[in-house]
Asker: 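There's a structure below that I have some questions on.
Counting convention: from 1, in listed order, for ligands and their atoms alike. Just so you know, these numbers use all the heavy atoms, side chains as well, and skip hydrogens, waters and symmetry mates.
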Amino acid sequence: MSALIELDRVSKSFSRGGLFSTQRVEAVKEVSFALETNKPEIFTVIGESGSGKSTLARMVLGIHTPNSGKVRLGGRDVETYERRAFMAEVQPIFQNPFEAFNPLKQLDRYLFMTAERFGGASGKSAAEGQADGALRQVGLSLAEIRGRFPHELSGGQLQRVAIARALVAKPRLIVADEPVSMVDASLRMSIVNLFGRLRDELGLSIVYITHDLATAYYISDRLIIMQKGVVVEQGPARAVLSAPTHPYSRQLRDAVLTPDSAGAFRADHPRKAVATPGATS
Ligand SMILES: Nc1ncnc2c1ncn2[C@@H]1O[C@H](COP(=O)(O)OP(=O)(O)OP(=O)(O)O)[C@@H](O)[C@H]1O
């Protein structure tokens, strides 16, 4: 069976600069990984700023086209998908929920539109039913959201609405690019816990892009660590983060850990032990 999503030696570079001094930036270099069909998991891409995480996320989402290599969804090159069919399978969640919604548009409209366009809802009551179902998955309801504008919600609530909007499409894969970095530290864990529930209860796979080692360690099944566009380490999250072998991975671990939370990386039950994501920000 073909993989749910497969990246096959994908590279992406950009030109930077003016007419006389153009510079080529190699944002992602020959990255490969695959998420299996029918094996829901949280696959984390972690790395410092500028390591190529967002560029990689955008290639998975079909927003950027690789300069070389292929991204395949269900064995098929994503470039050959009609956009609507692709979005019904793969949904994004971005960093800043306030930028994800037009401030002048009521939030329920987004959910209804997504339900009709990507989630197969036909008619108002079907769209409302799907919107309510998705909102309930994230701890909200249509009654709470109906008629409300983005500024009437907190950042954490709004990010939940963004996740609900993704769920309305009934995707198989969610690509979440730094979804907790603009959310209050006290709410980050509840968002990543939500990802865990979506994996376990809905069978969703999530590509989780982050620079936050604690949430990555807490929730990931597998991860890759990126530096300067290259994967420097990869494998099961616990194994990689407990005993990093690459100097950059060690640096990353040491840089974000307090002495207390460092102990958690040696604990037998890391998911319970690391409960201090706020310590890393
Ligand atoms: N559209 C673009 N044009 C030019 N350069 C770009 C573009 N997008 C990304 N880059 C460059 O590619 C490199 C990787 O950027 P990218 O945003 O993918 O990294 P990142 O790990 O997501 O960083 P951050 O965590 O800060 O978002 C950086 O050097 C960045 O400046």
Asker: Specify the protein heavy atom at minimum distance from atom 6 (C) of ligand 1: its residue, its atom name, and the distance to 0.1 Å.
Answerer: Phe14 CD1, 3.3 Å

Asker: Any idea which part of Glu48 is under 4.0 Å from ligand 1, heavy-atom wise: side chain, backbone, both or neither?
Answerer: backbone

Asker: For atom 30 (C) of ligand 1, tell me which residue out of Met226, Arg16, Lys53 has the closest non-hydrogen atom.
Answerer: Arg16

Asker: Closer than 4.0 angstrom, basic N to acidic O: yes or no for Asp77 and Lys70?
Answerer: yes

Asker: To the nearest 0.5 Å, what is the distance between CG on Leu198 and CG on Leu167?
Answerer: 5.5 Å

Asker: Would you find more than 12 non-hydrogen atoms of other residues, nucleotides or ligands less than 6.0 Å from Glu152 atom CD?
Answerer: yes

Asker: What do you reckon, is NZ of Lys124 surrounded by more than 12 foreign heavy atoms closer than 6.0 Å?
Answerer: no

Asker: Give me the residue, atom name and distance of the protein heavy atom closest to atom 17 (O) of ligand 1.
Answerer: Ser54 CB, 3.8 Å

Asker: Measure centre to centre between the rings of His64 and Phe14, then say whether the value is under 6.0 Å.
Answerer: yes

Asker: Taking the six-membered ring for Trp, are Phe33 and Phe43 closer than 6.0 Å centroid to centroid?
Answerer: yes

Asker: Give the ring-plane orientation class for His246 versus Tyr248, where under 30° counts as parallel, over 60° as perpendicular and anything between as tilted.
Answerer: perpendicular

Asker: Just need the protein heavy atom nearest to atom 23 (O) of ligand 1, so name the residue and atom and give the distance.
Answerer: Gly50 N, 2.8 Å

Asker: Tell me the protein heavy atom at minimum distance from atom 26 (O) of ligand 1, and give that distance in Å.
Answerer: Ser49 OG, 2.5 Å

Asker: What is the closest protein heavy atom to atom 12 (O) of ligand 1, and at what distance does it sit?
Answerer: Ala27 CB, 3.3 Å

Asker: Which protein non-hydrogen atom lies closest to atom 29 (O) of ligand 1, naming both residue and atom, and how far is it?
Answerer: Val25 CG1, 3.6 Å

Asker: Provide the number and element of each atom of ligand 1 under 4.0 Å from a heavy atom of Ser51.
Answerer: 19 (O), 20 (P), 21 (O)

Asker: Please list the nearest protein heavy atom to atom 16 (P) of ligand 1 with its residue and the distance rounded to 0.1 Å.
Answerer: Thr55 OG1, 3.6 Å

Asker: What residue and heavy atom of the protein are closest to atom 19 (O) of ligand 1, and at what distance?
Answerer: Gly52 N, 3.2 Å

Asker: Salt-bridged, Arg222 to Glu41, with N to O below 4.0 Å?
Answerer: yes

